[in-house]
Novice: 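Can you read through this structure? Questions will come right after.
To find a chain, count down the sequence lines: A is the first, B the second, and so on, and within it residues start at 1.
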Amino acid sequence: MADDLSQISLTFPDGASRAFPAGTTPADVAASISPSLAKKAISATVDGAHWDLAWPIESDAEIAINTMKDLDPSLELIRHDLAHIMARAVQEIWPEVKVTIGPVIENGWYYDFDRAEPFTPEDLGQIEAKMKEIINRRDPVTTEVWDRERAVKYYEANNEPYKVELIEAIPGDQPIRMYWHGHWQDLCRGPHLQHTGQVPADAFKLMKVAGAYWRGDSNRPMLQRIYGVAFQNRQQLKNYLTFLEEAEKRDHRRLGREMELFHFQEEAPGMVFWHPNGWTIYRELEDYMRRKLSKAGYKEIKTPQVVDRKLWEASGHWDKYRENMFITEIDEEHANEKRINALKPMNCPCHVQVFNQGIKSYRDLPLRLAEFGSCHRYEAHGALHGLMRVRGFTQDDAHIFCTEDQIEQECASFISLLSDIYRDSGFAKFDIKLSTRPEVRVGSDEVWDKAEAALEKAILNIRNDFEIDPGEGAFYGPKLDFKLTDAIGREWQCGTFQADFNLPERLDATYIGQDGEKHRPVMLHRAILGSFERFIGILIENYAGRMPMWLAPRQVVVASIVSDADAFVLEAVQKLQHAGLRAEADIRNEKINYKVREHSVGKVPVILAVGQREVQDGTVTVRRLGEKQTQTVPLDQIVEELAREALPPDLAPE
RNA sequence: GCCGGCAUAGCUCAGCUGGUAGAGCGCGUGAUUUGUAAUCACGAUGUCGGGGGUUCGAAUCCCUCUGCCGGCACCA
């Protein structure tokens, strides 16, 4: 063994330390502990870094040996190695295909290939079969650190130009690691399993092929990306596939059709045709927002849809977003020139116009101008997606004109308002991200210091965890983004709060300060829902269409069991409607089973059934969505109960 | 915008290698008066996304446009 000078001390998770020769590998360490651990070991965690069993450790460190029982490292290795195994399978089938990169992602991995022919779904099956073959070969994984030039020459010789480019992008102080699975080779930073047979052959699946730009750059070649998912065992894979099916059932586009909420059609791509049911949800949400904003000290305004390009030139949007704006032209009778207007893509320039009317005093600040602002943006065809990404949408927009000193208070009130609204709409959890000053920006460093600190302090008033995204702020000011988590764990960025030192300048907004001089206000752009369209899409998916009472488009259906009950049904509906409920009668000549099924599928939260007995007793039999039991109660009682239940959260007594 | 796929009745989908369309649900009519997730019978579904071409003949093959789906890029 090596002498004392080249000894290092490794500390284990239980706190014990032992001396090892410098350059010892985790495999050596595992073997020194027990033969069974040596067998089970797959990788190590060394000072927090995921470490290949074959990588030498040169200095004192904390070490933990990982086995397949350690979820994160084992999934990481399985998915990582599958990416290579897939690339190898592809090259074994089609040797001319060029390989590029293949990282691990959530639930699996992808790998991008350059191939003239498109991959077909049948190809995926063939690749999968080949991958299983490779796994069964149990080829050992070996790792070598190569000299940079040698690696470049190697890839040049093998006609793998993408790999050459990748090597050139690796910082000079980092090793070029060459990995071999049997005869197949890839460039990779590792770590890896010890042989391909360690990957569970029945716990992965290739999911889809899609185009993807080389290095994410739309000016560079379009490659073909194959996505795969992988888990530790077959059951976990099955669970995941079931989860996907469940998520598909929540798809708001499907539910939108089934529940008759809205539709889209060719003549207006990306624009929503709201149907009565969907528009009911929209209006309930809008009414709720209007009350919340009004209570929070906002003044609601409405500004024009069609605005002369001059204003967009002044605001800077014409230069930057011209391509994405809907333009209207008009020949005015006595004008020399055609007048060019744009449908507003955002509300802020118009809000500044409202602010600029008359002279504002510091006493007017903060001035909070809110608008349910209907905006249009020409989004790329490929970007459209149901209600989630549309070309015509309505923001719950507002601009707060204030002084620098007021930013913190305004931000704090905003976050508290946003928390209320998210909670009321069913989202308990949300995350906050603070994006700070970018390289290129307007405004002095002092103002940025102040604004960033104000936003940070405002968050800390409410909670102590938030993420910082350095350099990702807008050029005009720092911003906060708010991401909520839905019922199946997906995250959606909805709210935003942005300080703006630029637009007031460009559009010359001023107020008279205490000193009698003109000053520039700061403008705070903020939204909570983002857009009504998208937020409703998120609500539909979050609730899987089973909206809470106050948002449900059809709240109660009163269904007759025999036609002798029809009169009582109509009476009940009238009482429910008088109590403010969205109630309807179902006195069709159908069995109660049929009616219950239809309204359950239609996601009506409450069905009241009326037969002979109920008519006699003045009662109804209540069945709630998703419950099998029923309960017979006096009509007047349930009317009162449901009316209370249907109150929007801000109007409901605590 | 880019890559790939798809487009048949209101919805979900079938229609093999070219011979002018079919099922279930829904809809309409009638019967049934029904007790908590589909009662029975009968009936009608349509410019096979639009345009052009090949062919004696096109839902089917080719071209093109549009839209949708999955990604990528974009998202003030």
Novice: Could A:Arg391 and A:Tyr378 be counted as a cation-pi pair, given that NZ or CZ must be under 6.0 Å from the ring centre and within 45° of the axis?
Specialist: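 A:Arg391 over A:Tyr378 ring: yes.
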
Novice: Would you kindly give the CZ-to-P distance between A:Phe264 and B:A7, to the nearest whole Å?
Specialist: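 Value for this atom pair: 22 Å.
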
Novice: Between A:Leu206 (CG) and B:G4 (C1'), how many Å, whole number?
Specialist: 16 Å

Novice: Please confirm whether A:Lys208 makes a cation-pi placement over A:Tyr227, using NZ or CZ under 6.0 Å from the six-membered ring centre and within 45° of the ring normal.
Specialist: yes

Novice: Measure the acute angle between the ring planes of A:Phe262 and A:Phe264, then classify it against the limits of 30° and 60° as parallel, tilted or perpendicular.
Specialist: perpendicular

Novice: Is A:Glu371 paired with A:Lys344 through a side-chain N to carboxylate O contact shorter than 4.0 Å?
Specialist: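 The answer is yes: the pair qualifies as a salt bridge.
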
Novice: What is the distance, to the nearest angstrom, from the OH atom on A:Tyr110 to the C1' atom on B:G4?
Specialist: 17 Å

Novice: Write down the distance between CZ (A:Arg624) and P (B:U36), rounded to a whole number of angstrom.
Specialist: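 Answer to the nearest Å: 19 Å.
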
Novice: Using whole Å, report how far NZ of A:Lys595 lies from P of B:G26.
Specialist: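 Spelled out: NZ on A:Lys595 to P on B:G26 is 15 Å.
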
Novice: In whole angstrom, give the distance that lies between atom CG of A:Asp123 and atom C1' of B:G5.
Specialist: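 Rounded to the whole Å, the gap is 14 Å.
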
Novice: I need the CD-C1' distance between A:Glu260 and B:G26, as an integer number of Å.
Specialist: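 One finds 11 Å between C1' of B:G26 and CD of A:Glu260, rounded.
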
Novice: Let me spell it out: for each of A:His376 and A:Arg257, pick the nucleotide of RNA chain B with the closest heavy atom. Which residue's pick is nearer the 5' end?
Specialist: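 Residue closer to the 5' terminus by nearest nucleotide: A:Arg257.
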
Novice: Closer than 4.0 Å, any side-chain N/O of A:Arg225 to the OP1 or OP2 of B:A73?
Specialist: no

Novice: Between the base of B:U33 and the side chain of A:Ser563, is there a donor-acceptor distance below 3.5 Å?
Specialist: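 Between B:U33 and A:Ser563, which were checked side chain against base, a qualifying N/O pair under 3.5 Å is present.
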
Novice: Assuming nearest nucleotide by heavy-atom distance, tell me which of A:His317 and A:Pro269 is located more 5' along RNA chain B.
Specialist: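 That would be A:Pro269.
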
Novice: Measure from the side chain of A:Glu590, starting at C-beta and using heavy atoms only, and say which of B:G4, B:A76, B:U39 lies closest.
Specialist: B:U39

